[in-house]
Amino acid sequence: MKNDISKTFEEKEKEIFTLWEESGFFNPDTMKALLKEDAKEPFTISLPPPNANGNLHLGHMCGYSFHDAIGRYMRMTGHPTLLLPGKDHAGIQTETAFTKELEKKGKNKWDMGREEFYKQCYEFCMKNASNARDQEKNIGLSADFSREFFTLDPRLTETVYETFEMMFREGMVYRDKRIVNICPYCKTALADIDTEHEERRGIFAYIKYPLVGEKDKYIMVATTRPETMLGDTAVAVNPKDDRYKEYIGKKVILPIQNKEIPVIADESVDIEVGTGALKVTPAHSPVDFELGIKYNLEVVNVIDEEGKMTGNIPEKYKGMDTLQCSKELCQDLDSLGLLEEIKNIKHEVAICERCKTPVEPVISNQWYIDVSNLAKEALNALHSGEVRVIPEGQQKALEFFFENIRPWCISRQLWWGQRIPVWYSGGKKLYDWLQENKGKTVKDFEKEFNLKVIGDGSIYIGENIPKEGAGWEPETDMFDTWFSSGQWPYSTLGGPSGEDFKKYYPTQMMIHARDILFWWSARMLMLGIYRTKEVPFKTIFLTGMILAPDGSKMSKSKGNGIEPQEVFEKYGADALRLWYYSDALPGSNAPIREEKIKGNRNFVNKIWNASRFILMNIDDAEVDAVREEVVDMETERIKETEVHIQKVSKYLSKYQFNLGAEEIREFFWHKLCDVWIEEIKSEIQDKEVGSKERVSRLTELLYILKQNLKIMHPFIPFITESVWQELVKLKLTEGILMGEQIQISE
RNA sequence: GGGCGAUUAGCUCAGCUGGUUAGAGCAUCACAUUGACAUUGUGGAGGUCACAGGUUCGAGUCCCGUAUCGCCCACCA
């Protein structure tokens, strides 16, 4: 009687996945117990946590196929392997996404209040996290889901808070001013990502700034924002500009304010734009702010956080909105004979993504970390080879980033995230005022603002309100999301004193998309070195990006995205994985092509049918004999198979997934199927069932099949495990394939 | 403006430290086959390796320049 299995391969991915999950191999602790031989050193990868504000896209899922391939390979070569999954709260992005959700229901966060918003946003994330987890399983990700973390998990937050406190004690954390975009309508600070650029009609006003002590001489500046002149503290020109050379170092009178401000020279001033003379308003323009730092200029704040004129300016302008002030100011300048002309122009302005109101850059106090020393240490780690980046070119980019590192602003004006664990005695405003006015006291503050404060202006670091003292005001800003995810490799292992940390840190690899190299890996390196005195991983592997078939970026707005679910249903996870290994090389892009995934699906099917054919040839009566026959390791075919296994192993250990994928396809299809099966077919053709010749050839063939299944498993786990389970059913082998071991020769 | 890449067959891309006749998949053409295979097998055609120079016995590979494209960052008074 002939053995047979179903003619077409239907991937029973869910069943197979459950089999794996229940086997205990996903958890490195239990895996250790399951190994027949002694375990080698553990292997750990922290998986990049996807944002818990939506579904995974194809890029996420394909990225995980790299993690999974390397993880499975390490497991099969005797390393207790931990792929540690998680989900990211993704601060600003999630706040925006959830706010939009609320809007759809006609609600808004202001009516809801912080506490309720946080609660509902948490639920929103948990729902998305659950979907994301299912999708991770769809691609076959062999992660230890019992260790999954959400970035707002209190256990993780504890580690993050510890880091902040340590940095504060060591003087690395400080308050400083920076330009923040605020939306006067939404009354909130905006990250760059929340702003859009749009061409709007505007004005270009030419204003004369008279020279001090030189009658009738003046410098003319051109500006799109006349009202900001009230906060000007310099005029800048290009040192090469002959028109203004003689004025450099002299002073001009700032009209209306009647204040003397210097004329400075800086290379960055464009001679061609406007008059070539730039009015410098450090408080209300990012470029000017930088100039202000460079030349130590005074910062004069004239616009408040609601977009109204404020500060030390003539009474008549106070409280005006900027547009009105601009008009009045131009009239006043004109009557003084200082307005040359106003041109109507079109120009790009930054606007609020949600309400389309032009944003106001205003100065604001923020929390900073001085990361200059950590950047140096990270750079050393790159130079010494403790860490390396694949592809190499990106390593240079990362080095450049560290060489030009700037202080890291870690506070965000959001409702969603980890609250910065700071309490201000007497209020935040008092604290900042005392910082800026060294030597002054709480009493001076009370006098200045004509109010009474409770508290002494001190600060307390901690999650909960301090027991001692009174008048504590909590910091309401949240941590930058990268401050938390930057600690991912050790925070998810229980922090630097955790049990898992001792066993599984440092991790070996970090695999993620190229576009977050500076945002994420750079931060993980610095914070990892800071908290653990060693690099958190040895290799950074940057995955390729999946593009639409025409080579353009997939995006929701273009509608050229491809739903992962469609691909899975049509071709299965293995076909998608194999395509990705072949086409998406580190750091490069891969336009998705259906016919190529189809080609890989055909290969998956080929595996099924070749296996089926081999099994069909083993007669029921021969099963016992084949099982007990000792494999002759000296046949040409088996020796060649061993060479193949070593070759693919080498590719995997060097993370050359594309070459590995090509190799397994080539060998299985064009060697095993096209040549050897055909050969053996004719070798046993006329032999009697149960004869020595048949049994020995079938044993050889079965052995080669099993070896191929093993080495292919890291790439295409579902089909290989499915076939393995068919072998188990026929009692030709036992256990699960993912737990099998591959012997590698060094 | 700064940084990093890319340019190889009709398409998407491999080609590690320079070494015979430059490879794969898909597409294409011819033949064979209904077989374990959603088909598959055999064979063919298709390339001045972006352009110009240099180093070398030897360059797709290393160096310099040019052109085009892409990504990231900064920014547009």
Side-chain angles (χ1 to χ4, degrees), chain A residues 2 4-5 7-10 192 197 199 202 204-205 207 221-226 228-229 232 235-236 267-270 272-281 284-288 290-291 345 347-350 389 391-401 403-404 406 513-519 542 544-545 547 549-553 570-571 578-579 582-585 587-617 650-651 654 656 658-659 661-663 665-666 669-670 673-675 677-678 681:
Chain A
K2 298 268 183 205
D4 202 1
I5 55 183
K7 186 169 175 173
T8 57
F9 170 59
E10 291 156 38
D192 292 343
H197 292 262
E199 191 165 75
F204 214 27
I207 305 168
V221 299
T223 179
T224 57
R225 305 274 316 267
T228 63
M229 70 167 285
D232 282 5
V235 169
E267 299 279 346
S268 69
V269 178
D270 191 332
E272 305 297 323
V273 177
T275 62
L278 167 68
K279 59 189 269 319
V280 183
T281 323
H284 301 294
S285 151
V287 187
D288 297 7
E290 293 300 322
L291 282 173
I345 55 157
H347 64 145
E348 288 272 309
V349 292
V389 182
E392 220 175 320
Q394 293 299 305
Q395 176 151 341
K396 284 189 240 162
L398 185 58
E399 284 170 10
F400 186 84
F401 174 83
E403 281 158 14
N404 297 282
R406 303 170 82 186
R514 190 182 38 177
D515 53 353
I516 53 171
L517 178 62
F518 306 136
W519 298 106
L542 301 174
M545 191 165 61
L547 304 176
D550 64 354
S552 66
K553 229 177 182 171
K570 219 162 163 188
Y571 300 109
L578 202 53
W579 163 73
S582 310
D583 268 29
L585 271 86
S588 69
N589 300 328
I592 189 162
R593 301 287 286 273
E594 195 166 345
E595 65 273 18
K596 297 188 102 177
I597 299 176
K598 195 174 163 188
N600 284 301
R601 191 272 320 266
N602 287 351
F603 174 60
V604 168
N605 191 55
K606 184 86 183 174
I607 295 172
W608 182 254
N609 275 293
S611 308
R612 174 176 167 243
F613 180 69
I614 293 171
L615 294 181
M616 276 171 65
N617 271 284
K650 196 152 210 171
Y651 286 141
K654 288 163 80 176
Q656 293 174 309
N658 60 323
L659 299 178
E662 199 181 313
E663 186 65 27
R665 222 176 0 231
E666 181 66 24
W669 202 327
H670 302 297
C673 295
D674 293 350
V675 183
I677 288 183
E678 294 304 320
K681 214 194 261 184

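What you see below is based on every heavy atom in this structure, not just the backbone, and it leaves out hydrogens, waters and symmetry mates. Chain naming here is simple, since letters A, B, ... match the order of the sequence lines and numbering starts at 1 in each.
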Using whole Å, what does the distance between atom [atom2] of nucleotide [N] and atom [atom1] of [X] come to?
X: E595(A); N: rG10(B); atom1: CD; atom2: C1'; answer: 13 Å
X: N600(A); N: rG25(B); atom1: CG; atom2: C1'; answer: 8 Å
X: W579(A); N: rC11(B); atom1: CH2; atom2: C1'; answer: 14 Å
X: D288(A); N: rC76(B); atom1: CG; atom2: P; answer: 9 Å
X: K279(A); N: rA77(B); atom1: NZ; atom2: P; answer: 11 Å
X: Q656(A); N: rC13(B); atom1: CD; atom2: C1'; answer: 15 Å
X: N658(A); N: rG23(B); atom1: CG; atom2: P; answer: 18 Å
X: R593(A); N: rC13(B); atom1: CZ; atom2: P; answer: 9 Å

Exercise. Taking S285(A) for the side chain and D288(A) for the main chain, is one N or O donor matched with an acceptor at less than 3.5 Å?
Worked result: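 Yes, because the side chain of S285(A) sits within donor-acceptor range (under 3.5 Å) of the backbone of D288(A).
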So, for [X] and [Y], which heavy atoms are closest and what is the spacing to 0.1 Å?
X: W579(A); Y: R593(A); answer: CZ2-N, 4.4 Å
X: N658(A); Y: S582(A); answer: CB-O, 3.8 Å
X: L542(A); Y: A513(A); answer: CD2-O, 4.1 Å

Nearest-angstrom distance, [atom1] atom, [N] to [M]:
N: rG15(B); M: rA50(B); atom1: P; answer: 15 Å
N: rA24(B); M: rA14(B); atom1: C1'; answer: 7 Å
N: rU34(B); M: rU40(B); atom1: P; answer: 16 Å
N: rU55(B); M: rU8(B); atom1: P; answer: 27 Å
N: rG2(B); M: rC49(B); atom1: C1'; answer: 31 Å
N: rG18(B); M: rA59(B); atom1: P; answer: 13 Å
N: rG23(B); M: rC37(B); atom1: P; answer: 34 Å
N: rG1(B); M: rU17(B); atom1: C1'; answer: 36 Å

If pairing requires Watson-Crick or G-U wobble contacts with both distances under 3.5 Å, which nucleotide is the partner of [N]?
N: rG19(B); value: rC57(B)
N: rC49(B); value: none
N: rC69(B); value: rG5(B)
N: rA30(B); value: rU42(B)

Select one nucleotide: of [options], the one nearest the side-chain heavy atoms of [X].
X: L278(A); options: rA36(B), rA77(B), rC76(B); answer: rA77(B)
X: K596(A); options: rG25(B), rC75(B), rC72(B); answer: rG25(B)
X: F204(A); options: rC76(B), rA36(B), rA77(B); answer: rA77(B)
X: W519(A); options: rC76(B), rC73(B), rA36(B); answer: rC73(B)
X: A610(A); options: rC75(B), rA36(B), rA77(B); answer: rA36(B)

Problem set entry | Nearest-nucleotide comparison on RNA chain B, the residue closer to the 5′ end among G599(A) and I677(A) |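 Of the two residues, G599(A) wins.
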Atom pair [atom1]/[atom2] of [X] and [Y] - distance to nearest 0.5 Å:
X: F518(A); Y: Q394(A); atom1: CZ; atom2: CD; answer: 6.5 Å
X: L659(A); Y: K650(A); atom1: CG; atom2: NZ; answer: 13.0 Å
X: K279(A); Y: T228(A); atom1: NZ; atom2: OG1; answer: 2.5 Å

Contact check, side chains of [X] and [Y], non-hydrogen atoms, under 4.5 Å:
X: T223(A); Y: F204(A); value: no
X: L578(A); Y: R665(A); value: yes
X: E662(A); Y: Y651(A); value: no

Distances under 3.5 Å only, N/O to N/O: pair up the protein atoms with those of nucleotides 3-6 of chain B.
| unit_1 | atom_1 | unit_2 | atom_2 | d |
| --- | --- | --- | --- | --- |
| rC4(B) | O3' | G393(A) | O | 3.4 |
| rC4(B) | O2' | Q394(A) | NE2 | 3.2 |
| rG5(B) | OP1 | K396(A) | NZ | 2.4 |

Looking for any heavy atom pair under 4.0 Å, which part of the strands does [X] touch: base, sugar-phosphate only, or nothing?
X: L659(A); answer: sugar-phosphate
X: F401(A); answer: nothing
X: E666(A); answer: nothing

For this session: Among E594(A), R601(A), K598(A), find the one that has a side chain to side chain donor-acceptor pair (under 3.5 Å) with Y571(A).
Result: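 Single side chain to side chain donor-acceptor pair (under 3.5 Å) partner of Y571(A) among E594(A), R601(A), K598(A): E594(A).
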Exercise. Hey, mind stepping through V604(A) and W608(A) against side-chain contact (heavy atoms from CB on, under 4.5 Å) and telling me if it holds?
Worked result: CA-CA 7 Å; V604(A) 168; W608(A) 182 254; over 6 Å; no
Exercise. Got a donor-acceptor pair under 3.5 Å from the side chain of E290(A) to the base of rA74(B)?
Worked result: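 Between rA74(B) and E290(A), which were checked side chain against base, a qualifying N/O pair under 3.5 Å is absent.
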Hey, what are the protein-to-nucleotides 39-43 of chain B N/O distances that come in under 3.5 Å?
| unit_1 | atom_1 | unit_2 | atom_2 | d |
| --- | --- | --- | --- | --- |
| rG41(B) | OP1 | W669(A) | NE1 | 2.6 |
| rG41(B) | OP1 | D674(A) | OD1 | 3.4 |
| rG41(B) | OP1 | D674(A) | OD2 | 3.3 |

